[in-house]
Number of protein chains: 2
Amino acid sequence: MSARPDPRVRIGIADVAREAGVSITTVSHAFSGRGHVSERTRAHVHDVAARLGYSPNRIASALRSRRSNIVGFVSDDIATTPYAGRVVLGAQDAAAAHDQLLVLVNSNNDVTVESKQIAALVAQQVDAVVYARMFHRETTVPPALDGVPTVLVDTVDPTGMHASVVPDEQQIARLATEVLYEAGHRSIVHVTVDAQGPAVNGRIEGYRSAMAKYGLQPVVVEGGDPGIAATGRTAFQRLCSVSAELPTAIFCFNDQMAMGVYQAAQAVGLRIPADISVVGVDDFEPVSAELLPGLTTVGLPHYEMGRWAVEATLANLSEDSAAHVSGITRMPGVLVTRESVAPPRR
Amino acid sequence: MSARPDPRVRIGIADVAREAGVSITTVSHAFSGRGHVSERTRAHVHDVAARLGYSPNRIASALRSRRSNIVGFVSDDIATTPYAGRVVLGAQDAAAAHDQLLVLVNSNNDVTVESKQIAALVAQQVDAVVYARMFHRETTVPPALDGVPTVLVDTVDPTGMHASVVPDEQQIARLATEVLYEAGHRSIVHVTVDAQGPAVNGRIEGYRSAMAKYGLQPVVVEGGDPGIAATGRTAFQRLCSVSAELPTAIFCFNDQMAMGVYQAAQAVGLRIPADISVVGVDDFEPVSAELLPGLTTVGLPHYEMGRWAVEATLANLSEDSAAHVSGITRMPGVLVTRESVAPPRR
DNA sequence: TTGAAAGCGCTAACAT
DNA sequence: ATGTTAGCGCTTTCAA
């Protein structure tokens, strides 16, 4: 039974200094790595500190050094979107790697709430902020963030003042189309949603450019129903009614729409991938991995974007201006191969 | 164009005091509500502060008052589980309501990482901690948390030292069984997973007690395959092979297993709910709302648990010991009715 | 009701 | 390589 240090009496730098027989400056240096401390002294100080159960008070340190070592993470919606967790995890991992803490704040898409939350972040003296949207779109960064180094995730800043990271929508669409083409398909339809924005438009463009490259005729179909899988179903039914000749392959805007296509295909007795091949986007595993057959899909770089954003906003804090980052970074999607693609039979 | 305050020069309590012609003590009181300040003075100080763009530095305040107004959120897995977001959102909302900031920390189930992260939280002087697991199970709280008021989410503390909140697994199972019984079903099977733990065991017990109440014979089937929907599929197939007589209704451990049951039922030409009724647990919307037909399911109180935990851990901080909370709080699930339940035809 | 003064625990100049 | 000293921006006695 080791005697655990009594948590009621807060032990501070002065206690360690006294016990170690050095000045508090030396203790500070021994912990921060700044200044010059002999290896002998450093080790001794750390020993004593460990014995006393001391660790530096980050609040006091922050007050004096004007560095809180806290990164703010502002999100519009951490709850209902399935990807948020991966972005947050990436950010959290990067923060931990740099001995920073991540403060999470959520606005639920309410501008008033958002500016209040950001004010709280500023009052807390956060060193930097990651401003994340859960769907790729344009946003203007709230003025409350003016003084704070900020990096954007899944959104771009029209003013170009802030660095940002987004998925490379075109590459993602080209990759999805390519998989189908390589499997032998020549009749490939893109099922998308009735909405505007960089994700929808970028994927349509990427699809068109790939089809053009292959000398194929692009066909874009959109569903209009509420509900995501329902959109996929509607689009597929529309496809059936429009032409007698169904495509041999479908590239869906995302995995959940692919789920809808599965449902509609099944309803008319078509088997995947024997009768029709399907590719999605997201690699949202509760869907992509659980569908029968497993869905071949292009995974979005959510974790990587979260991680990159914290690294970038921290880099922008450094003196070394060569390390600073700006502009738009586009991250590629990665193909995840499952069983929903086969050569066409027709 | 209003001149925005120059963010480079940090304006502090002394600036406000000088400009307002009062002492810094009065400014402090005017903002904190402590002490006695005339309404006139209070309003004047706030006016001046607003004009100057002042807001109290929470770091300095924390150092002096020994209250950081930060709550730590320790999670084992914020990324891959679909529910995490809702717990975090509940916690974040409660924190914001109490003018607290939420610091998120994630261990990925690595004990070493976890204790490091907790040490960082302690060094940051967090006032309280929420320790959350993403699947209901037993855990021992790491000793690093010893000095800090801690409340548990989705897990219970065998020592009983910490208050905790978990889903009421038995009520959830009883509710699911009841829906089926009320629809007229008398042959109800529970499909579960090959695992131990409060969630699995609690739901089995709840199901058994409901069946006993109705005077019906409980039948519990488990799937063993890897993959969650696959487990549902296997269980259903096992069901088909064991008895010629299929049940008229299935209560699934969760929505993803229900998805597997849908797949297996479809494969043998059975329609839901005409031939067989299905109920899930979770209300994991990307599955429950998107399945065809929509899945009737018992929603788990994730948001509520997150919210409750922050409220509770904050309450335990207060002087008023009557407000303190302890013991295990069980939160009920809520029925979400969709289209997967119909009266039996047999 | 208001103000003066003494720190909270640390870091950063500036000695030595 | 180590130590002395003066704050960081607030809150909190305590006094007026």
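Chain naming here is simple, since letters A, B, ... match the order of the sequence lines and numbering starts at 1 in each.
Evaluation of the side-chain hydrogen bond (donor to acceptor under 3.5 Å, both in side chains) rule for His324(B) yields no partner, not counting sequence neighbours.
For Ser38(B) and Ala60(A), each mapped to the nucleotide of DNA chain C holding its nearest heavy atom, the one lying further toward the 5' end belongs to Ser38(B).
For the pair Arg42(B) and Glu39(B), the salt-bridge criterion is met [side-chain N within less than 4.0 Å of a carboxylate O]. In summary, Arg133(B) and Asp154(B) do not engage in a salt bridge, as defined by a charged side-chain N under 4.0 Å from a carboxylate O. With respect to the salt-bridge test (charged N to carboxylate O, under 4.0 angstrom), the residues Arg58(A) and Asp99(A) qualify.
For the residue pair Thr25(A)/Ser28(A), the side-chain donor-acceptor check at 3.5 Å is not satisfied. His44(B) and Arg40(B) share no donor-acceptor pair across their side chains, judged by distance under 3.5 Å alone.
Rounding to whole angstrom units, CZ of residue Arg66(B) and P of dT11(D) are separated by 15 Å. For the pair Arg42(B) CZ and dT2(C) P, the interatomic distance rounds to 12 Å; values are reported in whole Å. Spacing between atom CG of Asp127(A) and atom C1' of dC8(D) amounts to 15 Å, rounded to whole angstrom units. If you measure from atom CG of Asn69(B) to atom P of dG9(D), you get 19 Å, rounded to the nearest angstrom. Rounding to whole angstrom units, CD of residue Gln125(A) and P of dC10(C) are separated by 19 Å. The CD1 atom of Ile59(A) sits 12 Å away from the P atom of dG9(C) (whole-angstrom rounding). Put simply, CG on Leu63(B) is 13 Å from C1' on dA6(C), counting in whole angstrom units. Residue Gln124(A) contributes atom CD, which lies 20 Å from atom P of dC8(D) at whole-angstrom precision.
Contact annotation for Phe31(B): no contact, since no heavy-atom pair falls under 4.0 Å across all strands.
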Quick one: which protein N/O atoms are closer than 3.5 Å to N/O atoms of nucleotides 12-16 of chain C? Pair and distance per line, please.
{"unit_1": "dA12(C)", "atom_1": "OP2", "unit_2": "Arg34(A)", "atom_2": "NE", "d": "3.3"}
{"unit_1": "dA12(C)", "atom_1": "N6", "unit_2": "Thr25(A)", "atom_2": "OG1", "d": "3.3"}

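For dG3(C), the OP1/OP2 oxygens have a side-chain nitrogen or oxygen of Ser23(B) closer than 4.0 Å. Contact annotation: Thr26(A) does not reach the phosphate of dA1(D) (side-chain N/O to OP1 or OP2, under 4.0 Å).
When side chains are defined from C-beta on, Ser164(B) does not count as touching Asp157(B), because their heavy atoms never get closer than 4.5 Å.
Among Thr140(B), Thr139(B), Asp76(B), the one residue that satisfies the side-chain hydrogen bond (donor to acceptor under 3.5 Å, both in side chains) test with Thr155(B) is Thr139(B).
The C1' atoms of five pairs define one axis at each end of the helix from dT1(C)-dA16(D) to dT16(C)-dA1(D), and these two axes lie 30° apart (to 10°).
Proximity of a side-chain donor or acceptor of Asn316(B) to a complementary backbone N or O of Pro149(B) within less than 3.5 Å is not detected.
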